[in-house]
Enquirer: 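Okay, handing you the structure first.
Everything quoted here is computed from the prediction, not taken from an experiment. Every heavy atom of this structure was used, including side-chain atoms; hydrogens, water molecules and symmetry mates were not. In what follows, chains are A, B, ... by sequence order, proteins preceding strands, each numbered from 1.
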There are 2 protein chains.
Amino acid sequence: MPAATASLLGLEKKSLREQAVSSLRTAITSGALEPGRHLVETELSDMLQISRGTLREALRQLAQEGLLTSGTRGRLSVRHLDAKEIRDIFAVRAALESLAVLTLCERPNRTAVIKSLRSAVDRMNAVANESLEERIEADLEFHRTLCTLTGNQTLLHSWASLEGSIRMSIMFAGLEKAVRNMRVDRHYEIVAAIETGDPEAARSAVVDHMDVAAGNLVA
Amino acid sequence: MPAATASLLGLEKKSLREQAVSSLRTAITSGALEPGRHLVETELSDMLQISRGTLREALRQLAQEGLLTSGTRGRLSVRHLDAKEIRDIFAVRAALESLAVLTLCERPNRTAVIKSLRSAVDRMNAVANESLEERIEADLEFHRTLCTLTGNQTLLHSWASLEGSIRMSIMFAGLEKAVRNMRVDRHYEIVAAIETGDPEAARSAVVDHMDVAAGNLVA
DNA sequence: TTACTGTCAGGTGTTAACAGTTGATACTAC
DNA sequence: GTAGTATCAACTGTTAACACCTGACAGTAA
């Protein structure tokens with residue numbers, strides 16, 4: 001196939017279910033669907049212009065991610081987070097990311113890893129004066145990269161399952177509080193510890209970072 | 001309501017979807033549906049005597065748990081684990097259970113916790129001469145209890161999401177290998193460390209246990 | 001041959017309709 | 001009034017059918 005037809009590739013077809021999952025996830029983590037709100041299937045399927053069957057598949061996925069809680073008789077509602085739950089979420093997050101940095105420290109040749117991490121931090125720097133949303137995206141991207149680089153698919157999957165809850169925590173606390181966790185130097189610390197290959201330094205950098213982050217959010 | 005009617009409670013009605021999830025999970029973790037096997041929706045819905053819509057909801061859930069992998073055009077197949085993936089799963093498991101024991105060590109009054117853990121270990125002892133399946137159940141029950149006792153719902157949920165993968169690892173390796181990980185004394189070590197309240201001892205007991213466990217499985 | 005094109009079977013994506021359950025409200029008998 | 005009951009609206013659980021896409025295979029013309 002000639003290169004001239006390259007512009008025709010990639011027709012961008014996602015299933016309605018996937019689109020619904022994205023759409024609902026955004027609605028929840030942005031607060032458009034407020035915590036505690038009861039979700040009525042018929043209502044949502046009307047809004048999203050999809051059938052209930054398709055919607056229900058999307059809802060199962062979000063429930064599994066912990067964004068929805070199931071009440072009596074299959075009624076779903078948007079999960080409500082209190083201070084303890086936010087701390088709990090960040091404790092699990094710290095455990096997972098600790099494993100990530102420990103794994104990276106053990107790797108013999110870390111130059112490629114460091115390069116990726118540095119560019120993630122650079123991106124955070126680049127958007128430091130942009131909107132809060134963009135800064136949060138850059139921050140999460142850094143932490144997701146941490147997990148991706150380990151090559152441990154299970155680790156990445158577990159972290160990704162937590163991502164929605166993390167976003168809810170941020171939304172719940174308010175973006176102004178969350179942005180206090182975007183300090184670039186704290187992230188450089190983590191990268192530096194990995195570069196040195198010092199597992200204890202890396203772990204404590206991560207755990208401290210998460211402790212502070214959770215503290216900032218619930219304060 | 002008088003106590004006499006107590007026997008009428010709990011009519012045992014689980015939705016078809018939940019039953020399908022259980023049934024399929026068992027089929028996968030027992031090897032009845034062998035790794036790599038292609039799942040055909042119409043075939044499965046016929047077997048289980050449920051409609052495709054209901055089945056598809058169940059499949060979404062299992063996919064999210066990591067028991068199924070999605071190929072091209074929405075085709076699902078049973079996840080195949082190699083040695084690296086098993087080690088990866090147990091690394092994540094170790095990270096989560098480490099958090100569990102650290103959390104428990106920090107608790108001021110641990111007598112109730114120790115009591116629960118001891119009875120879980122006792123149960124392992126009680127079934128030590130029973131079938132392999134029962135011993136595995138008792139083992140997993142101990143580790144699940146570890147997570148439950150922390151009161152951290154997110155931790156428990158993350159661990160539970162991993163449970164299917166853990167069972168697959170055991171199945172994949174063969175029950176004879178898996179049973180080498182059921183040594184009761186190793187579990188008492190963990191309980192003892194928690195009772196003492198020594199976080200480092202508890203953590204290393206867990207991490208060592210998981211290292212050995214993964215090693216036994218892939219050997 | 002070889003390249004192109006119908007055609008068909010096997011699947012998944014999606015939907016609309018039916019069935020059953022529950023909680024609230026209105027109604028009746030005492 | 002109040003306990004008991006019929007009725008109804010609002011949902012979720014479940015299903016069967018339709019719509020599409022894709023890969024394989026056969027037919028056909030150069």
Enquirer: Write down the distance between CG (A/Leu55) and P (C/dA16), rounded to a whole number of angstrom.
Expert: 13 Å

Enquirer: With heavy-atom distances below 4.5 Å as the criterion, would you say the side chains of B/Arg75 and B/Leu39 are in contact?
Expert: no

Enquirer: Heavy-atom count check: over 12 atoms from other residues, nucleotides or ligands less than 6.0 Å from B/Arg123 CZ?
Expert: no

Enquirer: Using a 4.5 Å cut-off on heavy atoms from C-beta on, say whether the side chain of B/Met182 contacts that of B/Leu132.
Expert: no

Enquirer: Under 3.5 Å, is there a donor-acceptor pair linking the side chains of A/Ser51 and A/Thr54?
Expert: yes

Enquirer: Report the distance from atom NZ of B/Lys14 to atom C1' of D/dG13, rounded to the nearest whole Å.
Expert: 16 Å

Enquirer: Look at the side-chain N and O atoms of B/Ser51 and state whether any lies under 4.0 Å from the OP1 or OP2 oxygen of D/dT15.
Expert: yes

Enquirer: When the distance from CD of A/Glu57 to P of C/dT15 is rounded to whole Å, what number comes out?
Expert: 11 Å

Enquirer: Bend across the helix from C/dT1-D/dA30 to C/dC30-D/dG1, to 10°, with axes taken over 5 pairs at each end?
Expert: 30°

Enquirer: Counting only heavy atoms not in A/Arg110, do more than 12 fall under 6.0 Å of its CZ?
Expert: yes

Enquirer: Hey, which of these two, A/Thr72 or B/His38, hits DNA chain C nearer its 5' end, going by closest nucleotide?
Expert: B/His38

Enquirer: With side chains defined as the heavy atoms from C-beta onward, is the minimum distance between B/Glu85 and B/His80 less than 4.5 Å?
Expert: no

Enquirer: Where the side chain of A/Glu97 meets the backbone of A/Leu146, is there a donor-acceptor pair that is under 3.5 Å apart?
Expert: no

Enquirer: Send over the distance from B/Leu16 CG to D/dA16 P, rounded to a whole Å.
Expert: 12 Å

Enquirer: Do A/Ile89 and A/Met168 touch side chain to side chain, with heavy atoms closer than 4.5 Å?
Expert: no

Enquirer: Which part of the nucleic acid, if any, lies within reach of A/Ser15 when heavy atoms closer than 4.0 Å are counted: base, sugar-phosphate only, or nothing?
Expert: sugar-phosphate

Enquirer: What's the CG-P distance between B/Leu44 and C/dG10, to the nearest Å?
Expert: 17 Å

Enquirer: Enumerate the protein-to-nucleotides 9-12 of chain D contacts in which both atoms are nitrogen or oxygen and the separation is below 3.5 Å.
Expert:
residue	atom	partner	partner atom	Å
D/dT12	OP1	A/Leu39	O	3.2
D/dT12	OP2	A/Glu41	N	2.9

Enquirer: For the pair made of CG in B/Leu48 and P in D/dT15, what is the distance, rounded to whole Å?
Expert: 11 Å

Enquirer: Look at the aromatic rings of B/His209 and B/His143 and report parallel, tilted or perpendicular, splitting at 30° and 60°.
Expert: parallel

